[in-house]
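Chain letters run A, B, ... following the sequence lines, proteins first and then strands; every chain starts at 1.
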Amino acid sequence: MDVLYFAWVRERIGLPRERIETTAATVRELVAELVAREERYAVAFSDLAALRVAVDQELRDFDAPLAGVREVAFFPPMTGG
Amino acid sequence: MDVLYFAWVRERIGLPRERIETTAATVRELVAELVAREERYAVAFSDLAALRVAVDQELRDFDAPLAGVREVAFFPPMTGG
Amino acid sequence: MRISVQEAAFDAGAELTAFSTGLTSQGAVVTFTGIVRNSPEGDLQAMEIEHYPGMTEASLREMAQKAMARFALGDVLVIHRYGRLAPDEVIMMVATAAPHRKAAFEAADFLMDYLKSRAPFWKREITDGGATWVASKDADEDALKRW
Amino acid sequence: MRISVQEAAFDAGAELTAFSTGLTSQGAVVTFTGIVRNSPEGDLQAMEIEHYPGMTEASLREMAQKAMARFALGDVLVIHRYGRLAPDEVIMMVATAAPHRKAAFEAADFLMDYLKSRAPFWKREITDGGATWVASKDADEDALKRW
């Protein structure tokens with residue numbers, strides 16, 4: 001699965017995307033896996049309320065299932081316009 | 001005093017402006033004078049609620065005084081924009 | 001601030017470009033362009049717009065000044081045509097510039113509400129069936145109570 | 001309907017002219033143009049806009065389609081830039097065309113509300129003091145409840 005990071009999430013984790021092999025069933029489980037890995041993930045995901053997630057390029061919540069998913073992206077609330 | 005007519009008021013009265021010597025104290029008295037004059041004025045002023053008045057190019061109501069006034073205009077509600 | 005009451009056609013895009021040039025510290029520009037719509041029957045030959053020379057420009061200027069003050073605008077533009085217009089021709093335009101979006105939108109809406117009911121213009125539609133003065137709507141007058 | 005996510009600068013006036021050309025039976029066109037404002041201290045060097053290629057254009061297209069349907073628009077335009085922008089440069093623009101004024105205004109407001117909170121763009125301000133990600137406002141999220 002491709003995992004993408006944008007804005008300050010990208011900066012905290014230190015890379016814009018990575019390939020992750022996971023058996024996580026939901027976005028929340030994937031986050032728990034990442035947080036357990038390294039401090040920089042723990043810092044980036046310390047406040048999920050301050051984050052948004054897109055699953056296959058559609059906005060979803062953290063309970064979204066990951067079965068069959070190709071791409072998950074994490075980022076702060078958008079500030080376009 | 002110059003009296004101006006616009007839109008269908010102009011059409012009913014049959015002219016865009018005329019010079020009127022009057023001692024009317026208010027717009028309402030001026031209207032009464034005109035209505036007494038000729039049928040076409042009576043037709044044009046038959047429903048004051050459907051008319052608007054400007055005194056020296058400022059929107060006013062029919063009780064506006066005419067002392068010192070140079071120009072009065074009668075017209076239907078505006079439809080600009 | 002620019003106010004123009006004119007018979008000549010104008011290009012709303014060129015006006016937006018000119019309006020935007022030289023703005024500073026304004027984060028938001030809103031424009032409204034009014035266009036002659038055809039009749040439901042599609043038989044509109046022309047829209048004739050009569051106005052009250054002398055009063056028209058002064059009243060538009062007063063509205064624009066009110067909008068500038070009330071919404072703390074950086075700039076405002078009002079152009080309104082008179083005379084004979086064909087279907088799909090541009091009738092009028094307003095543009096507002098403000099530091100933030102909300103003020104720019106509200107000011108444009110405010111100007112349009114005032115312009116519809118307080119600027120001395122009268123429209124007449126010329127169709128195959130003859131000429132008809134456009135009636136004002138109670139809703140247009142009611143809209144002023146918002147402000 | 002035209003959606004463009006681009007790095008290149010564009011002329012909002014030229015876009016309005018192009019958008020207006022060929023409209024029929026639309027009485028109202030509204031545009032909103034968003035511009036890079038300087039910081040209160042006047043020391044903004046640049047605004048950097050990051051986006052999510054792939055998702056960005058699709059999400060703007062979906063918003064535009066919703067606006068078309070909901071407000072019965074004749075046409076809609078959305079342009080949004082990314083990359084590094086200087087103060088007073090145009091960031092983005094929406095244009096809406098509708099038979100009547102109210103729908104054109106509301107659709108532009110609707111598009112802006114959705115675009116602010118649902119399109120994957122992130123702004124970063126570069127000043128003499130460093131780089132700061134622009135924080136989203138609760139008010140932006142709340143604004144969506146209007147629709």
When only pairs under 4.5 Å are counted, which of C/Met112, C/Lys137, C/Arg124 shares the most heavy-atom pairs with chain B? C/Arg124

Picking from C/Phe121, C/Phe32, C/Tyr52, which has the most non-hydrogen pairs under 4.5 angstrom with chain B? C/Tyr52

Using non-hydrogen atoms only, which part of C/Ile49 is less than 4.5 Å away from chain B: side chain, backbone, both, or neither? neither

Please indicate whether C/Asp138 has more than 12 foreign heavy atoms, meaning atoms of other residues, nucleotides or ligands, lying under 6.0 Å from its CG. no

Residue, of C/Ala135, C/Ser59, C/Ser117, that accumulates the most heavy atom pairs under 4.5 Å with chain B: C/Ser117

Could you give the distance from CD (C/Glu125) to OG1 (B/Thr79), rounded to the nearest 0.5 Å? 9.5 Å

Please flag which part of B/Ala54 lies under 4.5 Å from any non-hydrogen atom of chain C: side chain, backbone, both or neither. side chain

Keeping the roles fixed (side chain from C/His80, backbone from B/Gly81), state whether a donor-acceptor pair exists under 3.5 Å. yes

Test item: B/Pro76 and C/Trp122 side chains (from C-beta on) under 4.5 Å apart, heavy atoms: yes

Looking at chain C, which one of B/Arg52, B/Glu11, B/Gln57, B/Arg10 has the largest number of heavy-atom pairs inside 4.5 Å, strictly under? B/Gln57

Hey, could you give me the CE/CZ distance between C/Met55 and B/Phe6, rounded to the nearest 0.5 Å? 9.0 Å

Are any of the side-chain heavy atoms of B/Leu59 and C/Arg118 separated by less than 4.5 Å? yes

Check each atom of C/Ala58 against the heavy atoms of chain B and say whether the ones under 4.5 Å are side chain, backbone, both or neither. neither

Roughly how far, to the nearest 0.5 Å, is CG of C/Asp140 from CE of B/Met78? 12.0 Å

Tell me whether the count of non-hydrogen atoms from other residues, nucleotides or ligands lying under 6.0 Å of CZ in B/Arg70 goes above 12. no

